[in-house]
Structure formats: structure tokens, C-alpha cells
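First listed ligand is number 1; within each ligand, the first listed atom is number 1.
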Amino acid sequence: MSRESVSNRALGAYLGFACGDALGATVEFMSAKQIQKRYGEHRDMVGGGWLALDAGQVTDDTQMSLALGQAIIDHQGWNLRAVADNFLAWLDSEPPDVGNTCRRGILRYRDSGLLCGSPSEDEAGNGACMRNLPVVLATLNRPDLFELWSLQQSHITHHHPLSDAATLALGRMVSLLINGQGPDACLLEAERLIAVHAEFAYKPYPEKASGYIVDTVQTVLHYFFNSDSFESCLIATVNQGGDADTTGALAGMLAGARYGVEQIPPRWLERLDGVVVERIRRQVEELLRLAEIS
Ligand code: MN
Ligand code: MN
């Protein structure tokens, strides 16, 4: 597997993730019917939505990923406290959106120094899963480190077996794709997930796309496995509504890794926040460099 194709797919994953965030944020919390009524089909990065975003602006999904990635790069490896500190600095920067569970976990860290909350029934949201891509990139050739770092960063805010299982499964899928495997390898990974946690079964698709990790994963897998291009995967995913920026981001991550960066429509890449694009390009390079030496 050539180094160029690995970095191309890694960049596709991270930029695809940010595109899904920026595209989906416009229709976050709308139902599929409401989206259809208002947009016909939502397919352009126009901003707006309940957060009144600029066109191409990203939200917490991408910002928390960047915060996590930066902590890994700054410490040339894993430093959980640095990750939590970066989450806290991000929260202090008054971001446009913060999930409730993320806020609670970060404030718990601020107030008590705890890097891991107790397992909690109400922490089965998608907030830990959504931000894990930098860990995948930095541990591309180290499944043991991937698992450890993924769970540790997750438990700062989300400590729930379904969140853990989904974070690891989606992370493994994107790493398989980046390493040159096809969707069939991802299907096996999905089957493994469902064999342990039957909740995640997505056939027939239940058409729920909320921030509950089960709804999120079902939506992402359904549209990822039932589309044949980056663009059609993202459009179908976000038009399902619900937690559309997060389902869009995760679908964009998988599709970007599968199809490569050149399949991301130029009209989206050009509209995407340029500062974010630059940070992503640098992080991909530096995280992959770490993956090579670890
Ligand atoms: Mn968001
Ligand atoms: Mn969201």
C-alpha cells in the first residue's frame, strides 16, 4: 500500500468528516419531512440552521476532533490530561454548539480533575464516537493503542458500553478503508458489532437519526453501505435529518476514506471554512507521521 494512497484516504476521511458536519448542521434537528418541504433535497453548504452558521462553518464535531488531534500532536503521543485540557479550552472559547453530555464531562474534569466518569446510563450519546478520527490516524498501525486511546478519550465525557462499542467499530472501519480495504471488510466489522450488541442492527433501517449512538450508527451504516459515491452518501445521510451534522460527519469520514479526497465535490471543499481545511491538512500529515514511528 503506497504512502500516498494512505494519506489521500486519510485526508479524504478528515475533510469528508468536516464536510458532513458543515453540510448537515443546516438541517440538524429537522425531520426528513421538514427538510424535504423546505429544501426539496438539501445538497449545498449554505449555513443557517438552528445555530445560524455561516456557509461552510463547522460545529463541535470537527472542533472537538481538532482539539483532540492537536493534543496528540503537541505531545507527540498520548497525554490524556492534555486532551481534556484542550476540550476545556475549546469549551471556554464559547463554541456555537456543545452537546450536554460533553459539557457535563468537561466541567466535571474542570471541577474535580476526573478524566473518567463512572459508567452512566445516560451517556449513550454519539459525542465520544464523533470526535475519535485523530486517534484512528495516529494509531493506524497499532490496534492496541487505538483501543486504549479511543476508550480513554471517550470516557472523559461518555462512559457507556454502546458508545464504547460504536467508537471502536467505526474507528476500525475507517482504519481498514484508509489501509486500502473495501466496504466488505467494513461489513464484517459491522456484523461483529451487531453480534455483540444487537441494538445496532440497521436492516431494515429504522429511520431514526438522533444523537443516541444506536440511531446515529444505524443511519451512518445504512447510508454508507447503500450508496456508491461520496456525494450521494452524504446527501442521503443529512437529508434524514435528526443529528444531521454528526451523522453527516461520520458518514463523510467513512465515505471520504473509501473514495478518496478527489471524490469530495469541489463546491463543498471550496465552501468549507479555509482555516479548518488548513488545520485538517496539517493534522493529517502530523498524525500519520506519528503512526509511522509508533
Ligand atoms: Mn455538531
Ligand atoms: Mn450534532
Side-chain angles (χ1 to χ4, degrees), residues 13-32 34-35 42 45-69 86-87 90-91 93-106 122-134 153-154 156-158 160 162-163 166-167 170 207-224 233-254 256 268 271-273 275-277 279-280:
Y14 214 149
L15 288 174
F17 180 91
C19 280
D21 184 4
L23 184 72
T26 303
V27 294
E28 191 183 21
F29 301 136
M30 292 172 75
S31 69
Q34 287 170 326
I35 296 169
H42 173 55
M45 230 177 246
V46 294
W50 72 282
L51 294 168
L53 297 167
D54 295 333
Q57 199 180 341
V58 298
T59 72
D60 51 346
D61 310 67
T62 305
Q63 291 172 340
M64 290 195 84
S65 300
L66 288 169
L68 171 55
N86 276 12
F87 288 165
W90 165 76
L91 182 64
S93 75
E94 291 177 21
D97 189 23
V98 183
N100 292 331
T101 312
C102 285
R103 183 191 305 278
R104 190 177 60 200
I106 296 168
D122 63 356
E123 291 182 359
N126 58 22
C129 180
M130 77 180 185
R131 61 179 184 239
N132 201 45
L133 179 57
Q153 77 81 7
S154 293
I156 296 173
T157 56
H158 292 67
H160 192 285
L162 293 177
S163 164
T167 302
L170 287 191
E207 297 187 40
K208 288 187 277 185
S210 79
Y212 175 44
I213 189 64
V214 172
D215 294 348
T216 298
V217 167
Q218 287 173 326
T219 300
V220 170
L221 295 183
H222 170 73
Y223 287 115
F224 175 67
C233 175
L234 247 66
I235 290 178
T237 303
V238 301
N239 278 274
Q240 187 62 46
D243 196 357
D245 61 332
T246 307
T247 58
L250 290 170
M253 171 183 85
L254 292 177
W268 289 347
R271 189 53 69 78
L272 192 61
D273 183 340
V275 174
V276 168
V277 172
R279 287 193 67 191
I280 287 176

Are any of the side-chain heavy atoms of S65 and M130 separated by less than 4.5 Å? no

Minimum heavy-atom distance C129-I213, with the two atoms named: CB-CD1, 3.7 Å

Can D122 and R104 be counted as an ion pair, charged N to O under 4.0 angstrom? yes

Please report the shortest heavy-atom distance between L66 and V276, naming the atom on each side. CD1-CG1, 4.4 Å

Can you tell me if D21 has an N, O or S atom under 2.8 Å away from the Mn ion (ligand 1)? no

Check all N, O or S atoms of D245 and name the one closest to the Mn ion (ligand 1). OD2

Using distance alone, with no hydrogens and no angle criterion, decide if T246 and D61 have a side-chain donor and acceptor under 3.5 Å apart. yes

From the N, O or S atoms in E28, identify the one nearest to the Mn ion (ligand 2). OE2

Quick check: does D243 have an N/O/S atom under 2.8 Å of the Mn ion (ligand 2)? yes

Please find out if the Mn ion (ligand 1) and some N, O or S atom of T59 are separated by less than 2.8 Å. yes

When you measure from the Mn ion (ligand 2) to the N, O or S atoms of T246, does any of those distances fall below 2.8 Å? yes

Answer key: the N, O or S atom of D61 nearest to the Mn ion (ligand 1) is OD1

Side-chain (D21) to main-chain (T62) donor-acceptor, under 3.5 angstrom: yes

Presence of N, O or S from D60 under 2.8 Å of the Mn ion (ligand 2): no

